[in-house]
Number of protein chains: 2
Amino acid sequence: MASAMAEDTSGFELPLLLFAGFRTIIDRLHAELARQGHPDVRPAYGFAMQAIGRGGATASEVGRRLGVSKQAAGKTVDRLEVLGYVERVDDPADARRKLVRLTSHGIDALDRSAAIFEELRAEWAKALGVERLRALEVDLRTVVPPGLFRLDVAGWFGS
Amino acid sequence: MASAMAEDTSGFELPLLLFAGFRTIIDRLHAELARQGHPDVRPAYGFAMQAIGRGGATASEVGRRLGVSKQAAGKTVDRLEVLGYVERVDDPADARRKLVRLTSHGIDALDRSAAIFEELRAEWAKALGVERLRALEVDLRTVVPPGLFRLDVAGWFGS
DNA sequence: GTAAACTCGACAACGTGGTTGACCAAACCG
DNA sequence: CGGTTTGGTCAACCACGTTGTCGAGTTTAC
């Protein structure tokens, strides 16, 4: 009643489309990563490695960047360590801290991820046209609250 | 080298934007739902109730619609039952089946969700323009594989 | 310089949402 | 009729998150 009755799309579909888009990209990334020698990188690990970055970081810092508790971040780092993607080294300047650094294996995963992300974006650009894709990104940036790149997926789903 | 060097956006940002958009909508939905008398509806419950629908469904069917195992669906139905959103009734025509039906409380939650989704979409339409939003939806539909509305978030993140 | 306050990393208990595997009972199908 | 499929449940387990506690090390304030 209030406004246009165009009724073009149910509002329920929009979040589903956004999630499906996200998921499509992440699924394809990991499928490709698996093909390229990184079969056990999981989404959570990928995000954690991104948060660690080439410069390394402490577990607490990773937690902050990902928007999760330091304990959660610590556990993820544990798993990454077991898989050989990162190593922990003592910080000589501060005995409390343990710097988490990507191993060469971790760097390789990160490099390949970046390349695959570019390929996937290029595919979208081909399917939609560069302009449309750019518009999509611009529009998304305008409607999502800035600054917030919170990746606490599992915990968020549960409360 | 291969193509345009515009370098407008890192491919890494696209999935983040999509996820942030999804999350923004879902978070705002649940904040509003909480304000309207449904403080304990969580994202997983909302999706499950959508899957049950006004006609009701069996737990196995819910699992199929959500893309999760029947056991997982059964557990979610358990929680919904405790919260008073659904009830289980025996199917007189098939003694194995237990039909899961939304209670009036569940229907209310679903109705309000639909209304809130429309409001949120209207907000986006206001911020972006109706045409841009429609384009965004169209584009998303063309790049995500059709049919697939898989909501097994937690399990998917882990594997 | 020492006491208070903060920070890092770790341990433990727990919650949520998912998975497999095993079963039984009921229904379907040859 | 007997064999297969399907629905629901139990039990164990896993991944990822949470809070609370704690000791050790660092910083800040007096």
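All values below were derived from every heavy atom in this structure, side-chain atoms included, with hydrogens, water molecules and symmetry-related copies excluded. The sequence lines fix the lettering, A, B, ..., with proteins before strands; numbering per chain opens at 1.
When distances run from any side-chain atom of Val68(A) to the nucleotides dT19(C), dG17(D), dC8(C), the shortest one goes to dG17(D). In this structure, of dT16(C), dC13(D), dT21(D), it is dT16(C) that holds the atom nearest to the side chain of Arg79(B). Residue Lys98(B) places its side chain closer to dG8(D) than to any other of dG9(C), dG8(D), dT21(D). The listed nucleotides are dT16(C), dG8(D), dA10(C); the one nearest the side chain of Arg97(B) is dG8(D). Closest approach to the Ala95(A) side chain among dG25(D), dA26(C), dA10(C) is made by dG25(D) (side chain taken as heavy atoms from C-beta onward). Listed candidates were dT19(C), dT6(D), dC11(C). Nearest to the side chain of Arg96(B) is dT6(D). Side-chain atoms of Lys70(B) lie closest to dG7(D) of the nucleotides dG7(D), dT19(C), dC16(D).
The residue Ala72(B) sits close to a base: some heavy atom pair falls under 4.0 Å. Residue-level contact check: Ser60(B) touches the backbone only, with heavy atoms under 4.0 Å from sugar-phosphate atoms and none from bases. Nucleic acid contact class of Thr58(B) (heavy atoms, under 4.0 Å, all strands): sugar-phosphate only.
The separation between Leu83(A) atom CG and dC14(D) atom P is 15 Å, rounded to whole Å. In this structure, the CZ atom of Arg42(A) is 15 Å from the P atom of dG18(C), given to the nearest Å. Here dC16(D) presents its C1' atom at 9 Å from OH of Tyr45(A), a figure rounded to the nearest Å. We find that CG of Asp78(B) is positioned 9 Å from C1' of dT9(D), with the value rounded to whole Å. Here the P atom of nucleotide dG17(D) and the CG atom of Leu66(A) are 7 Å apart, to the nearest Å. In this entry the distance linking CG of Asp94(A) with P of dT7(C) reads 12 Å, nearest Å. Following rounding to the nearest Å, Gln71(B) (CD) and dT9(D) (C1') show an atom-to-atom distance of 9 Å. If you measure from atom CG of Asp90(B) to atom C1' of dT9(D), you get 14 Å, rounded to the nearest angstrom.
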- Query: Where do Glu32(B) and Arg35(B) land on the salt bridge (charged side-chain N to carboxylate O under 4.0 Å, His left out) test, with the steps shown first?
  - Reply: CA-CA 5 Å; Glu32(B) 189 54 32; Arg35(B) 269 195 358 88; 3.0 Å; yes
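The line from CD of Glu123(A) to CG of Leu133(A) is 12.0 Å long, rounded to the nearest 0.5 Å. Between atom CD of residue Glu13(B) and atom CG of residue Leu140(A) there is a gap of 9.5 Å, rounded to the nearest 0.5 Å.
DNA chain D is contacted by both Arg88(B) and Ser69(A); Arg88(B) maps to the nucleotide lying nearer its 5′ end (nearest heavy atom per residue). Closest-nucleotide positions on DNA chain C for Leu99(A) and Lys75(A) were compared, and the one nearer the 5' end corresponds to Leu99(A).
Between the side chains of Tyr85(A) and Asp108(A), not a single donor N or O lies within less than 3.5 Å of an accepting N or O.
Taking the six-membered ring for Trp, His38(A) and His105(A) have ring centres closer than 6.0 Å.
For Glu61(B) against dG7(D), a side-chain-to-base donor-acceptor contact under 3.5 Å is absent.
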